[in-house]
Novice: 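Pasting in a structure now, in structure tokens, and then I'll have a few things to ask.
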Amino acid sequence: MRYGLGANRQWVALFALLGALACLLQPAASVKEKDFKKCDQSGFCKRNRAFADHAVAQASTWSSPYNLLSETIAFKDGQLQAVILKSIGTESETARFPVTVSFHKSGTARLTVDEERRMNKEIELRHDSKARKERYNEAEKLVIVGGIEHDSAAEITYQDEKQVNIKYGSEGKFEAVIKFSPFEADFRRDGVSHIQFNSHGWLNLEHWRPKVDKPEAKEGEETPPAGEDESTWWDETFGGNTDSKPRGPESIAMDISFQGYEHVFGIPEHTGPLSLKQTRGGDGHYAEPYRMYNSDVFEYELDSPMTLYGAIPFMQAHRKDSAVGIFWLNAAETWVDITKTKDASNPLSLGAGGKTNTHTHWISESGILDVFVLLGPTPRDMTKTFGELTGYTAMPQEFSIAYHQCRWNYISDDDVKDVDRKFDRFKIPYDVIWLDLEYTDDRKYFTFEPHSFSDPLSTGKQLAEHGRNLVLLIDPHIKKVDGYPVHSQLKSKDLAVRAKGGDAYEGWCWPGSSNWIDCFNPKAIEWWKTLFKYDAFKGTRENTFIWNDMNEPSVFNGPETTMPKDNMHFGDWEHRDVHNINGMTFHNATYQALLSRAKGEYRRPFILTRSFYAGSQRFGAMWTGDNQASWDHLGASFPMILSLGISGYPFAGADVGGFFGNPDTDLLVRWYQAGAFYPFFRAHAHIDARRREPYLLGDPFTAIVTSAIRLRYSLLPAWYTAFFHANRDGSPIVRPMFWTHPSEEAGFGIDDQFFVGSTGLLVKPIVEKDKESADIWIPDDEIYYNYFTYDVVKTQKGKHITIHAGLDQIPLLMRGGHIIPRRDIPRRSSAMMRFDDYTLVVTVAKDGSAEGELYVDDGDSFDYEKGQYIHRKFVLNGSSISSVDAEGRDGKSLRPGNWMKAMQDVHVDKIVVVGAPASWDKQKVQIASEGKTWEVKVHYYAAEKERAAFAVLGRVGAKIGEDWTIDLEA
């Protein structure tokens, strides 16, 4: 949600005028780049880039001023500790930086560097600041949830006066070589260097120094030499706002090189390609570093390294059969430069076949240097290990992965009920309807507008009767107005973010003058919980869930539309230290609140967030913010979602149809077809956009959109299974080619097609105007079938094939060798499908085999943590199709709850075998299950033209949760 109407009633006219003027501008001009910093406008970024440039210019004589003191080394229980000495000017002036290198049982290594003087609080603060004197060192408490148990088997294998070598990881395959003078770290796998720290000498830790006011030159005297540019050390002005810096300059920076890797991925959220671009200018490169500083950038630019709403500073590099990565654990504003060079170590390698090295330069404004190293070797290892560190995605409510209907704003209870009825009248399924800002009473959260939403309980009741849910907007800014209990409590309990002077910070957002809840404060979270109790938030009920927007935080009159960096949070940390984690703390507070709405109600929350950081995946879904109704924005959504998925945040989506503007019918149709393959599938529109509910489109477009939505519903069992794997091991839900086929170099840069989970469903949505075909790259030698027609697609490994797809068609292929679970009866919502029977679609591989999975639980509670779930593995082996428990459980020791008992009446209805051999052309086959046998009818359809032969077995009648076997040639 973004600019449109005023912040309160006194400002409505002014904002309406501004909105009218804004409408005269072209959409491309909507995001104002000048309102957001470039690197040379961010003092610490400019300084560190200049530091690197100086090192490059003086390459023949340059030596990093950071040396590890070998006599300080101590190694015990998988952890090395020492001190790095920084030479400042002359050798007699130095700064000390304690360094720790930890080696973990998970296979990760971690380098942390702090500053001794600040650790000991031996510094002076300016501006009478009450801020902490230390560098911020608490990100771990909020982000890291596991994977850091020390590897006591790690050992020093070599040490002399120049370096120390440590072996660690499974079977000692990993090695860290730490060089002393200058300090460098080289991380190796199987003896080969993969990741290098400070090999270029760009490590720069800005030490504390007192501010010295230099006397001005008197008349007739020469001006003293300028020395270092201190203009942004102590204060920095941008866009009319001045940031006071009580601790002075304190940035950290380091070069990190990926040896032999051309492709690097990750560090969302940005709008460029999945394979990240170089950032030092040149043909096809960016001229700016990638920036991570969570910001409200509405109608954002495409193909840009500009910051957006969230930040996950996790980068992974990939080459043929090898993946490695680093996680830069820092919550402050961060910039990342990327350059690539050919390996110059061997002159013979400089030709076309030479290896490419990717060099990155990481720059953060404050905090300690804290970097994790992941040595793979596969993309699956990357996502699994990163998830072990920061948490796997929350197991969602089943309804939340279905279709959501939203706009800013449905205007009344009657409007919501009417939309609900019309979806049913047109037989279009949906699970959630959303209320944006205008449902509140004068922008006061936890209230309903008394005239338009006078009876929200009846609205929620009607939705519940149809198996549907309501989502309400709750933002972190609290309207500052007399007589509003929420604000009164926020102030009286002293739970608001403070300005640098110590008073509650006051800024402007949707309600007008507002204060912001400080969710770094545990007491604030406890208070926040009380506001969501059903008897407190009157009008909500069990099917009410929450949307957290504007939590970057967005502040309309703040610097770069956010909060001043010298604001203060709980623990006396400055906002600059914690900015990128701020949104996650609010997301977490709401998550905790929904867990405790009523005594004994322990259900999975659903909360959508706009701002996020590594770890936010533990609390719910995200979306890519305020996009435009344009073909380019549709096309950009998939690289963004794929990047999030491989970076640990797979529950992601984009506003279907585009938030700003009015999509033409073709664009809206194609966007629904694409959105049916977003992990988070929600249509959304701006308050000024025309109504565009699917039933308003008219023939044939309503029918086409309905088919796309129904396709999502029929495949919900497959989607839910994919979410189960994301929850278990961090696997992306939509998977790019480099992740599924890590040996196929031609696929590493492809970001407009993907596989859905482990289903073998290969999708390439059409994202171009008037396009009626898709060119799909085929990553392997397996057979592929058209999902809708069962046609065998003529493919060749590593080549593109063209699939015709008129406006009513989606380019969707099924890879041979998979078994896909579906539910085929159209229903109004996923809740109405909960006890429907299943269809299994078997796609026979070239070798005659196939495998697949189904995971299902009650879709609502946490009972799955107690074993209350069904997890089946389906196998086609020769002429036999079977179902067994995927985890080898016998079920005898598990006492079934109510849901498990109800699932005893859920069966496999039919099995469709695509690519069935002619020997299966028979009328009946036998099935065995639970000690019984019975016959199943077979309808066999011989191959015809391009269409593969297929067989339909039904009714199968075996219980979905039980073992069974069908012999197709008995």
Side-chain angles (χ1 to χ4, degrees), residues 399 401-407 410 416 418-434 466 468 623 627-631 633-635 637-638 641 653-686 689-716 719 756 761 763-772 774 787-788 803-812 822-830 832-833:
F399 77 76
I401 70 170
Y403 173 60
H404 301 244
Q405 181 64 42
C406 182
R407 67 172 286 108
Y410 290 111
V416 173
D418 184 59
V419 171
D420 182 64
R421 285 190 292 265
K422 284 178 178 173
F423 266 85
D424 283 347
R425 185 186 308 164
F426 285 85
K427 296 182 171 53
I428 306 171
Y430 88 99
D431 265 63
V432 193
I433 193 164
W434 294 54
H466 299 168
R468 292 170 177 151
W623 94 107
N627 57 0
Q628 298 183 47
S630 74
W631 289 95
H633 273 256
L634 168 56
S637 65
F638 280 107
I641 291 168
D655 284 345
V656 170
F659 179 64
F660 286 103
N662 296 300
D664 62 37
T665 309
D666 284 9
L667 173 57
L668 191 55
V669 165
R670 287 301 194 195
W671 213 318
Y672 267 99
Q673 292 172 339
F677 292 94
Y678 293 160
F680 174 61
F681 181 22
R682 180 185 75 154
H684 188 35
H686 189 272
R690 291 191 298 266
R691 296 286 285 254
R692 46 169 118 131
E693 288 78 13
Y695 52 77
L696 295 175
L697 302 181
D699 292 332
F701 308 108
T702 292
I704 298 172
V705 168
T706 300
S707 294
I709 296 173
R710 285 184 177 177
L711 175 63
R712 172 60 167 241
Y713 275 77
S714 71
L715 288 170
L716 279 179
W719 282 99
V756 176
L761 290 172
V763 194
K764 182 167 184 177
I766 291 180
V767 297
E768 297 174 60
K769 186 176 178 60
D770 299 326
K771 191 82 181 287
E772 293 201 343
Y787 178 86
F788 302 100
I803 300 294
H804 175 77
L807 189 62
D808 61 342
Q809 297 170 313
I810 302 173
L812 177 59
R822 295 192 320 211
R823 277 176 161 155
D824 287 348
I825 302 173
R827 303 285 191 187
R828 59 170 39 145
S829 65
S830 65
M832 299 301 180
M833 303 168 65

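Quick note: numbers below take in every heavy atom, side chains included, and nothing from hydrogens, waters or symmetry partners. Fair warning: this is a prediction, and the values are worked out from it, not measured in the lab.
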Novice: Which is it for H404 and W434 under the side chain to side chain contact (heavy atoms under 4.5 Å, CB included) test, yes or no, and what are the steps along the way?
Specialist: CA-CA 8 Å; H404 301 244; W434 294 54; 3.1 Å; yes
Novice: Can you confirm whether more than 12 heavy atoms, excluding those of K427, are under 6.0 Å from its NZ atom?
Specialist: no
Novice: How many angstroms lie between CZ in F680 and CD1 in I641, if you round to the nearest 0.5 Å?
Specialist: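 That separation rounds to 10.5 Å.
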Novice: Heavy-atom count around R421 CZ within 6.0 Å, excluding the residue itself: above 12?
Specialist: yes
Novice: Strictly distance-based, threshold 3.5 Å: is any side-chain N or O of D431 a donor or acceptor partner for the main-chain N or O of S830?
Specialist: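 Yes, because the side chain of D431 sits within donor-acceptor range (under 3.5 Å) of the backbone of S830.
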Novice: Output the distance between atom CD1 (I428) and atom CZ (R710), rounded to the nearest 0.5 Å.
Specialist: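 These two atoms lie 8.5 Å from each other.
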Novice: Under 30°, 30 to 60°, or over 60°: which ring-plane class applies to Y695 and F423, parallel, tilted or perpendicular?
Specialist: perpendicular
Novice: For a quick test of reading the model, state the closest non-hydrogen atom pair linking Y787 to L715 and the distance between them.
Specialist: OH-CD2, 3.8 Å
Novice: When you measure from the side chain of Q673 to the backbone N and O of L807, does any donor-acceptor pair fall under 3.5 Å?
Specialist: yes
Novice: Y403 vs Y430, test: ring-ring contact (aromatic ring centres under 6.0 Å, His included). Steps then yes/no.
Specialist: CA-CA 5 Å; Y403 173 60; Y430 88 99; 7.1 Å; no
Novice: Test of understanding: with ring pair (Phe, Tyr, Trp, His ring centres under 6.0 Å), list the residues that count as partners of Y410, not counting sequence neighbours.
Specialist: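 For Y410 there are no ring pair (Phe, Tyr, Trp, His ring centres under 6.0 Å) partners, ignoring immediate neighbours.
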Novice: At their closest point, which heavy atom of C406 faces which heavy atom of R682, and how far apart are they?
Specialist: SG-NH1, 3.7 Å
Novice: Please find the pair of heavy atoms, one from G658 and one from N627, that lie closest to each other, and give the distance.
Specialist: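 Reported closest heavy-atom pair: CA-OD1, 3.4 Å.
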Novice: Show, in sequence, the C-alpha distance, side-chain angles and deciding distance for L711 and F677, and conclude whether the side chain to side chain contact (heavy atoms under 4.5 Å, CB included) test is met.
Specialist: CA-CA 10 Å; L711 175 63; F677 292 94; 3.8 Å; yes
Novice: Just say parallel, tilted or perpendicular for the rings of H686 and F659, cut-offs at 30° and 60°.
Specialist: perpendicular
Novice: Can you tell me how far apart CD1 (I803) and NZ (K764) are? Round to the nearest 0.5 Å.
Specialist: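 Result: 10.5 Å between the selected atoms.
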Novice: Main chain of A689, side chain of R407: is a donor-acceptor contact present, judged purely on distance under 3.5 Å?
Specialist: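 Here the side-chain-to-backbone pair exists.
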Novice: Can you see which heavy atom on A708 is nearest to which on A676, and at what distance?
Specialist: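 Minimum heavy-atom separation between A708 and A676: O-CB, 3.6 Å.
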Novice: Salt bridge check: are R670 and D666 linked by an N-O gap of less than 4.0 Å?
Specialist: no
Novice: Looking at P694 and V705, what are the two nearest heavy atoms and their distance?
Specialist: CB-CG1, 3.7 Å
Novice: Please enumerate all residues that pass side-chain hydrogen bond (donor to acceptor under 3.5 Å, both in side chains) together with R712, with sequence neighbours excluded.
Specialist: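 Not a single residue meets the side-chain hydrogen bond (donor to acceptor under 3.5 Å, both in side chains) criterion with R712.
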Novice: Determine whether a donor-acceptor pair (N or O, by modelled atom type, separation under 3.5 Å) exists between the side chain of S637 and the backbone of L634.
Specialist: yes
Novice: Could you report the tightest heavy-atom contact between M832 and H466, atom names first, then the distance?
Specialist: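 Closest pair (atom of M832, atom of H466, distance): CE-C, 3.5 Å.
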Novice: How would you list, by chain and number, every residue that makes a salt bridge (charged side-chain N to carboxylate O under 4.0 Å, His left out) with D424, sequence neighbours excluded?
Specialist: R468, R828
Novice: Going from CD on E693 to CZ on F426, what distance comes out if it is rounded to the nearest 0.5 angstrom?
Specialist: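 Reported value, rounded in 0.5 Å steps: 11.0 Å.
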Novice: For the CD atom of Q405 and the CD1 atom of I709, what is their distance to the nearest 0.5 Å?
Specialist: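 Answer for the CD-CD1 pair, Q405 versus I709, is 7.5 Å.
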